Amino acid sequence: MMFLNELAPSFPSSTFSRFSSETPAMDSAPWSRKEFFLVVWFLVLSLTCTLLVDVTHSAAHPDTRKVYIVYMGDKPKLDIPTTTTLPLHVNMIQNVVGSSNIEQEPLLLHSYKRSFNGFAAKLTVEEAQKMAGMAGVVSVFPSGKQKLHTTRSWNFIGFHENVKRSTVESDIIVGVIDTGVWPESASFSDAGFGPPPKKWKGTCQGASNFTCNNKIIGARYYRNGEPFLEGQIKSPRDSNGHGTHTASTAAGNLVSKASLFGLGSGKARGGVPSARIAVYKACWSDGCSEDDVLAAFDDAIADGVDILSVSVGPTSRYDYFRTAVTIGAFHALRKGILTSISAGNDGPDLKTITVFAPWCLSVAATTIDREFVTKVQLGNRKIYEGIVPNTFDLKGKFYPLIFAGDAPNRTAGYDESTSMKCKPGSLDHNLVKGKIVLCGGKYGDGAYSAGAVGVILQGRSVADVLDPLPRPASCVGLDGGSSIYYYINSTRNPTATIFKSTEGIDTLSPYVPSFSSRGPNPVSPNILKPDIAAPGASILAAWPPIAPPSDDPIDDRVASYNVISGTSMACPHATGVAAYVKSFHPNWSPAAIQSALITTAKPLSPDLNPEAEFAYGAGQIDPVRAPYPGLVYDATQLDYIEFLCAQGYSTKLLQTITGHKSSCLSKTNYGALSDNLNYPSFALSSSNPNSISGVFNRTATNVGSPRSTYKAKVIGATKGLEIKVNPSILSFSSLRQKLSFLVTIKGSIRHKSSVSASLVWDDGTFQVRSPIVVYAIY
């Protein structure tokens with residue numbers, strides 16, 4: 001359950017205007033905001049003795065409480081010390097909890113006060129409801145668990161080692177919100193680095209087991225909502241691997257001869273090797289608590305990072321201001337910081353994208369042309385090729401082969417239907433130990449725990465990708481699995497061996513693998529998501545030696561680099577490119593950088609991905625072209641405010657979030673299209689595919705040649721759909737000049753669920769491409 005004070009869109013016939021500074025009478029209150037906070041400040045002073053006592057657990061039973069985030073929008077702009085935010089939050093908790101029957105467990109977990117206003121506290125449902133009704137509260141929602149979503153990859157997208165670099169790159173600070181970092185990795189050596197940039201305001205929350213340097217210039221960790229579990233390290237040090245991998249992908253040093261036990265051998269490097277890294281450990285082995293993630297955003301923004309990389313996402317889709325990532329990213333945007341976020345790993349179904357706010361760069365995953373081929377040979381000498389990067393070498397030795405469905409753990413109550421999928425505990429140890437097991441599921445966890453030598457998986461397509469497993473393994477798909485199953489049942493003593501992987505070339509790449517989450521945008525259907533795609537399959541990057549490469553505790557291998565897949569790996573590629581663009585254009589806004597990445601992306605083939613733009617957005621990221629887009633679709637904070645008003649958010653709410661005094665004014669056809677946001681792509685949804693109609697307003701800013709003339713070309717428009725651009729020629733006479741145009745779409749898409757086209761502005765030097773998607777919603 002979630003609680004919200006005036007947050008749910010009401011869709012009034014109004015829009016947020018930057019030209020009005022008066023608040024409508026319907027949103028007025030007996031006191032002004034400043035008067036309210038001054039009165040609260042007076043009360044806080046008068047209750048100093050009371051506030052010296054920690055707000056702690058009241059008489060409510062501990063099991064009735066859970067962590068809620070109380071979001072209060074912009075920082076209070078008052079002429080009072082910043083230290084008053086904490087006592088104010090404490091006072092608010094005391095008002096809803098009461099001060100009787102105090103126990104010892106603190107209720108206040110985080111106080112957000114550096115970049116925005118709010119706190120996280122342990123509350124009952126009733127207390128959360130009371131809190132949602134208090135003045136100045138934007139939203140109250142449970143702190144849910146968010147999921148964690150290289151050598152060849154940079155070369156594959158044309159970003160070679162000798163690419164042109166800016167001298168400003170060493171002043172770029174990349175903030176990474178993840179599982180921490182392994183600072184001793186060669187990818188994070190500070191050899192050759194000078195002191196941190198003067199703008200840096202962060203700190204190194206180290207301990208005896210963690211030290212920052214001139215590469216990793218800051219590190220913090222957050223774990224206020226839950227107790228530490230066994231194996232979790234109470235410092236920014238990474239014991240999981242995810243954070244080390246993403247940080248080195250974005251901004252790691254160049255390291256020669258990196259590999260996973262010989263697989264993927266080559267030079268490992270990040271997108272901006274000279275950039276600095278600031279680490280914010282908000283994720284642990286049991287996930288990422290939203291209250292910790294929001295605390296990381298609060299610090300990172302105030303510390304002075306330039307780009308944020310966040311390879312995590314909510315497990316379900318919320319409103320824009322009911323999830324920590326989008327709240328944090330919005331306040332980052334207001335400070336000129338672009339947040340790059342992974343699209344999610346819940347594909348290939350539509351509407352599975354987890355983060356879709358227009359102020360976030362949503363990144364899908366693509367394959368690279370490297371694939372790991374793992375062969376399985378049977379006792380009859382037949383060989384089947386599969387996937388899984390397998391570093392184990394059985395040296396050609398054959399082992400008994402058994403089908404998992406023939407070895408159920410009946411004493412534990414399992415039958416063939418469960419054991420065939422190799423679920424944990426479902427297999428009979430006596431029947432499986434020392435054998436290779438054919439599993440019908442996607443994973444072989446149950447076989448390994450029952451003592452299997454190796455696993456042959458058939459629950460995934462061989463066109464997909466898999467991360468390393470803790471024992472010899474290959475995934476041969478349904479066809480190969482069926483043939484192996486027939487062999488088992490037609491042979492008295494079936495045997496098999498699994499070979500160490502070899503590297504091959506995937507000639508179809510790049511394409512979007514099945515795990516990458518797809519659009520369309522479930523909240524704002526006329527904002528195309530994901531934005532772009534970047535390498536996210538079989539990516540080699542740095543790894544902590546204490547973390548099992550397979551993330552399985554039975555895996556005793558020690559690796560300094562690892563090969564894993566996910567949109568979590570795609571996100572830091574986009575982060576690195578965004579930082580690269582920032583190094584050439586330090587004063588560009590987040591929207592301008594986002595636009596440059598989108599309009600310079602390489603189109604991908606819908607033949608390989610039938611979901612087309614809903615799978616890959618504008619296409620594969622192009623780091624070499626990204627700093628030179630020619631034109632950008634820029635947007636200010638007020639443009640996003642107008643967009644939010646067009647989504648139905650109220651004046652009072654937006655003023656609380658932003659601290660801006662503009663108000664929503666009336667507008668005809670309100671909310672029909674997101675035409676108030678100057679977005680670099682075009683998405684038009686319609687409940688009637690036989691009668692399509694929409695108009696987009698866009699403004700292009702010249703960042704290419706001072707004097708230039710761009711001509712519009714619409715490519716790929718389907719028959720029956722008319723797409724017009726007016727004017728079709730934009731003539732610029734200076735840099736930073738802005739010119740506006742309209743895109744009008746009319747017609748029918750007939751019986752198709754969606755159609756794709758693109759608008760290209762071309763001046764002979766720069767080609768500025770924006771995808772166009774028209775689709776039916778039911």
Side-chain angles (χ1 to χ4, degrees), residues 157-159 163-166 168 271 307 336 338 340 358 361 528 531-534 574 576-604 613 616-636 639 677-682 696-717 723-743 756-773:
I157 57 177
F159 201 44
V163 72
K164 180 181 177 181
R165 296 283 177 180
S166 166
V168 179
I307 301 288
L338 176 63
S340 174
L361 180 70
L528 179 62
D531 291 305
I532 54 169
V577 179
Y580 181 66
V581 174
K582 180 86 171 177
S583 72
F584 287 95
H585 308 286
N587 297 321
W588 276 16
S589 70
I593 296 174
Q594 184 172 356
S595 173
L597 268 59
I598 291 173
T599 61
T600 59
K602 296 178 181 179
L604 294 178
E613 285 80 5
Y616 47 69
Q620 177 89 307
I621 198 167
D622 188 339
V624 175
R625 288 188 60 210
Y628 316 105
L631 303 175
V632 293
Y633 296 91
D634 207 354
T636 66
D639 292 315
L677 188 59
N678 198 36
Y679 213 64
S681 57
F682 302 85
F696 295 87
N697 300 284
R698 292 292 189 268
T699 299
T701 301
N702 181 26
V703 295
S705 304
R707 300 184 64 85
S708 53
T709 299
Y710 286 84
K711 296 181 180 180
K713 295 187 294 184
V714 176
I715 300 173
I723 303 176
K724 289 187 175 181
V725 183
N726 185 31
S728 59
I729 296 177
L730 298 178
S731 296
F732 295 92
S733 57
S734 63
L735 290 175
R736 307 305 301 176
Q737 182 182 358
K738 299 177 183 290
L739 294 176
S740 299
F741 61 93
L742 296 177
V743 175
S756 302
S758 59
L759 166 63
V760 178
W761 288 103
D762 191 345
D763 73 338
T765 301
F766 301 100
Q767 291 75 45
V768 188
R769 176 184 169 272
S770 294
I772 300 173
V773 181

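No experiment lies behind these values; they were computed from the predicted model shown.
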Spatial distance of atom [atom1] ([X]) from atom [atom2] ([Y]) [nearest 0.5 Å]:
X	Y	atom1	atom2	value
K724	L742	NZ	CG	12.5 Å
S595	D531	OG	CG	10.5 Å
L631	R698	CG	CZ	14.0 Å

| Do T599 and W761 come within less than 4.5 Å of each other through their side chains, counting heavy atoms only? | no

What are the two closest non-hydrogen atoms of [X] and [Y], and how far apart are they?
X	Y	result
A574	L597	O-CD2, 4.0 Å
I621	A534	CG2-CB, 3.9 Å
P629	V632	CG-CG1, 3.7 Å
N702	S734	ND2-O, 3.1 Å
S740	P727	O-CD, 3.7 Å

| query | Quick one: do the D634 and S589 side chains pair a donor with an acceptor below 3.5 Å? | reply | yes

| request: Among residues two or more places apart or on two chains, list those pairs meeting salt bridge (Lys or Arg N to Asp or Glu O under 4.0 Å) that have a residue in residues 708-717. | output: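 Those involving residues 708-717 are K713-D762.
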
| message | So, applying side chain to side chain contact (heavy atoms under 4.5 Å, CB included) with L730, which one of V725, T709, L739, D763 is it? | response |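 By the side chain to side chain contact (heavy atoms under 4.5 Å, CB included) criterion, L730 pairs with just one of V725, T709, L739, D763: L739.
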
| Relative to each other, are the rings of F741 and F682 parallel, tilted or perpendicular (30° and 60° limits)? | tilted

| request: Look at the aromatic rings of F584 and Y580 and report parallel, tilted or perpendicular, splitting at 30° and 60°. | output: perpendicular

